[in-house]
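Remarks on the structure that follows.
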2 protein chains.
Amino acid sequence: MSATSAKSARPRRSHAQARAEMREGILRVGGELLEKDGPAGLSVREIARGLDVASSAIYRHVSSRDDLLTLLLEDAFTDLADRVDAALADASTQGGAGKAALAALAGAMRGWAIEQPQRWALVYGSPVPGYAAPAERTTGPGTRVMARFMEILVGGESASGSSVQEGAPSGGPGSVLASAPGEGYSAVLAAGAGELGVDASPALVAASVLAWTGLVGLISAQLFGQLGADIAPHGDEMLAQWVDVTARAFALR
Amino acid sequence: MSATSAKSARPRRSHAQARAEMREGILRVGGELLEKDGPAGLSVREIARGLDVASSAIYRHVSSRDDLLTLLLEDAFTDLADRVDAALADASTQGGAGKAALAALAGAMRGWAIEQPQRWALVYGSPVPGYAAPAERTTGPGTRVMARFMEILVGGESASGSSVQEGAPSGGPGSVLASAPGEGYSAVLAAGAGELGVDASPALVAASVLAWTGLVGLISAQLFGQLGADIAPHGDEMLAQWVDVTARAFALR
DNA sequence: GCAATTCTGTGAGCACTGCTCTTGTTTTTC
DNA sequence: GAAAAACAAGAGCAGTGCTCACAGAATTGC
């Protein structure tokens with residue numbers, strides 16, 4: 001037994017530094033544990049061990065396990081949104097818009113999901129039971145990706161006056177547009193589109209929402225193995241087909 | 001303290017009866033707890049308390065907590081499939097086929113999901129971490145609903161020789177059919193369709209799979225509140241729109 | 001510059017969990 | 001009826017989230 005005790009003496013650091021380091025450490029170790037064992041396997045004590053600290057110390061920085069989950073949720077949302085933004089920026093330099101942008105977004109989402117399935121599950125999977133993510137802390141980063149998605153489908157940023165040709169896909173066989181949404185639903189859609197900075201008819205927004213839930217559902221189904229093990233190797237192709245169909249339905253090129 | 005001890009004397013019953021009663025009780029109380037607290041909140045001890053029995057007794061009938069989850073998963077799958085079948089049978093008496101059948105199936109799924117969100121999460125949500133549902137015990141009941149779905153979209157039972165008019169939706173703008181699936185993917189699709197008792201071209205099967213994940217994704221998004229609280233009251237309408245669009249894409253009427 | 005205060009981290013402890021193992025009782029089998 | 005098999009009880013282990021009184025270090029006020 002050496003003179004230095006088992007618990008190595010912590011270096012002198014300011015409270016601000018301590019806060020930052022602890023927070024970063026919790027996020028890092030917590031993220032690793034989350035990816036390894038999933039939300040249910042996430043343990044405050046295990047994080048404390050990973051940081052070589054008493055478990056009670058964690059509670060100085062995180063009020064509860066749920067709070068910890070919220071932290072990781074925010075982190076995951078932001079990480080995903082950053083990744084999608086990067087992919088879109090990349091595609092955009094190559095003159096990518098319309099279908100190319102859609103493919104870039106979908107590919108980035110799926111890639112991120114495959115690399116960190118547990119994070120994806122935390123974000124778009126079933127909510128951790130008994131725990132409702134506080135909306136005010138998650139809707140912000142949570143809607144970033146969806147906003148991008150809508151922009152693409154609806155045909156560009158609202159700034160440019162290039163209105164979508166809503167005449168083309170409207171009622172004909174194979175159109176994405178169902179019957180016009182009712183009054184109340186239209187109002188909600190308009191409000192939502194406004195928050196996302198998207199300008200389009202309620203019918204088009206409604207169709208985009210369906211497309212969005214379809215994309216998320218597709219990725220989730222692949223990730224969670226709901227379609228059987230045999231189909232797993234063809235996830236790329238499935239996604240490509242989804243992009244094809246969706247781009248065609250929304251008249252993207 | 002009365003003569004009858006706190007733990008009421010169990011009635012004399014045969015081992016077979018005991019097994020059946022216990023299993024039924026575990027399923028019942030477990031189901032209630034699952035619906036109340038979600039998978040993570042499911043506790044063997046709590047079930048034991050609910051049955052007024054020692055916790056260790058549960059392990060005579062269930063080998064582990066994961067096994068318990070599998071049991072509840074099977075139960076949920078079967079329950080959902082029964083419900084969907086009933087709805088389809090009901091629709092069928094009214095001459096319901098094609099779009100009407102699709103609407104009945106989708107409505108039954110969503111209705112079931114809303115009544116028992118935790119069960120839905122167990123079935124189609126993110127898998128419980130660290131727990132992989134044993135495929136051999138879940139794929140059976142798990143594919144029943146999907147088989148019905150495919151039958152409807154692909155245009156009737158394989159017995160009747162009425163082949164789908166695959167000419168109509170093939171390539172034109174707004175078609176559900178993307179480019180033809182590659183060789184490997186086609187093989188997997190064909191095999192899957194065979195298991196489900198569905199006969200259709202790989203391209204049509206591929207499109208049906210996308211539609212399936214879309215439906216599941218839509219219901220999950222509604223249930224898990226991924227689209228914000230405001231949109232929740234319009235779930236019916238969203239689903240109706242999804243039915244509209246999908247029926248049109250697959251040329252159902 | 002030094003005391004008072006505030007903040008960080010400790011370790012014991014409570015109530016809970018899944019699960020195992022030994023013990024006693026009851027039903028089935030021969 | 002005796003032997004064997006199955007069932008259930010209860011204690012106990014290792015783990016969990018979380019709280020609380022306490023010790024030491026950093027910050028603040030004068």
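This is a predicted model, so every value here is computed, not measured. Labels below follow one simple rule: chain letters A, B, ... track the order of the sequence lines, proteins then strands, and each chain is numbered from 1. Keep in mind that the numbers below use all heavy atoms, side chains included, and drop hydrogens, waters and symmetry copies.
- For B/Asp230, there are no side-chain hydrogen bond (donor to acceptor under 3.5 Å, both in side chains) partners two or more places apart in sequence or in a different chain.
- For B/Ala18, taking side-chain heavy atoms from C-beta onward, the closest of the listed nucleotides C/dT10, D/dC7, D/dG17 is D/dC7.
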What N/O pairs connect the protein and nucleotides 28-30 of chain C at under 3.5 Å? Give each pair on its own line.
residue, atom, partner, partner atom, Å
C/dT28, OP1, B/His15, N, 3.4

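- Atom-to-atom, CZ of B/Arg19 to C1' of D/dA8 comes out at 12 Å; the value is rounded to the nearest Å.
- If you take CD1 of A/Ile26 and P of D/dG17, they are 13 Å apart, rounded to a whole angstrom.
- A 4.5 Å side-chain heavy-atom check between B/Arg119 and B/Asp75 finds at least one atom pair inside the cut-off.
- Following rounding to the nearest Å, B/Gln17 (CD) and C/dT26 (P) show an atom-to-atom distance of 17 Å.
- The distance from atom CD1 of B/Ile58 to atom C1' of C/dT17 is 14 Å, rounded to the nearest whole Å.
- As rounded to whole Å, 14 Å separates atom P of D/dT16 from atom CG of A/Leu68.
- Remark: B/Asp85 engages B/Arg148 in a salt bridge, criterion side-chain N to carboxylate O under 4.0 Å.
- For B/Arg49, the side-chain hydrogen bond (donor to acceptor under 3.5 Å, both in side chains) partners are B/Glu46, not counting sequence neighbours.
- Spacing between atom CZ of A/Arg49 and atom P of C/dG11 amounts to 14 Å, rounded to whole angstrom units.
- Proximity note for B/Ala57 (side chain, C-beta onward) versus D/dA8, C/dT17, C/dG9: the nearest is D/dA8.
- By the side-chain contact (heavy atoms from CB on, under 4.5 Å) test, B/Ser208 pairs with B/Met150, B/Leu153, B/Val154, B/Phe250, sequence neighbours left out.
- Rounding to the nearest 0.5 Å gives a distance of 11.0 Å between CD of A/Gln116 and CG of A/Leu223.
- At the phosphate of D/dA8, OP1 or OP2 sits under 4.0 Å from a side-chain N or O atom of B/His61.
- If you take CZ of A/Arg60 and C1' of D/dT19, they are 11 Å apart, rounded to a whole angstrom.
- Between the C1' atom of C/dT8 and the CZ atom of A/Arg23 lies a distance of 17 Å, rounded to the nearest Å.
- Inspection of the B/Trp120 and A/Ser126 side chains reveals no N or O donor paired with an N or O acceptor under 3.5 Å.
- Contacts of A/Glu115 classified as side-chain hydrogen bond (donor to acceptor under 3.5 Å, both in side chains), with partners at least two apart in sequence or in another chain: A/Arg83.
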Protein-nucleotides 19-21 of chain C N/O pairs closer than 3.5 Å?
residue, atom, partner, partner atom, Å
C/dC19, OP2, B/Tyr59, OH, 3.0
C/dC19, OP2, B/Arg65, N, 2.6
C/dC19, N4, B/Arg45, NH1, 3.4

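- The two residues A/Val123 and A/Ala76 come nearest to each other via the heavy atoms CG2-CB, 3.7 Å.
- Among the atoms of the strands shown, only primed sugar atoms or phosphate atoms (P, OP1, OP2) are found under 4.0 Å from some heavy atom of A/Leu42.
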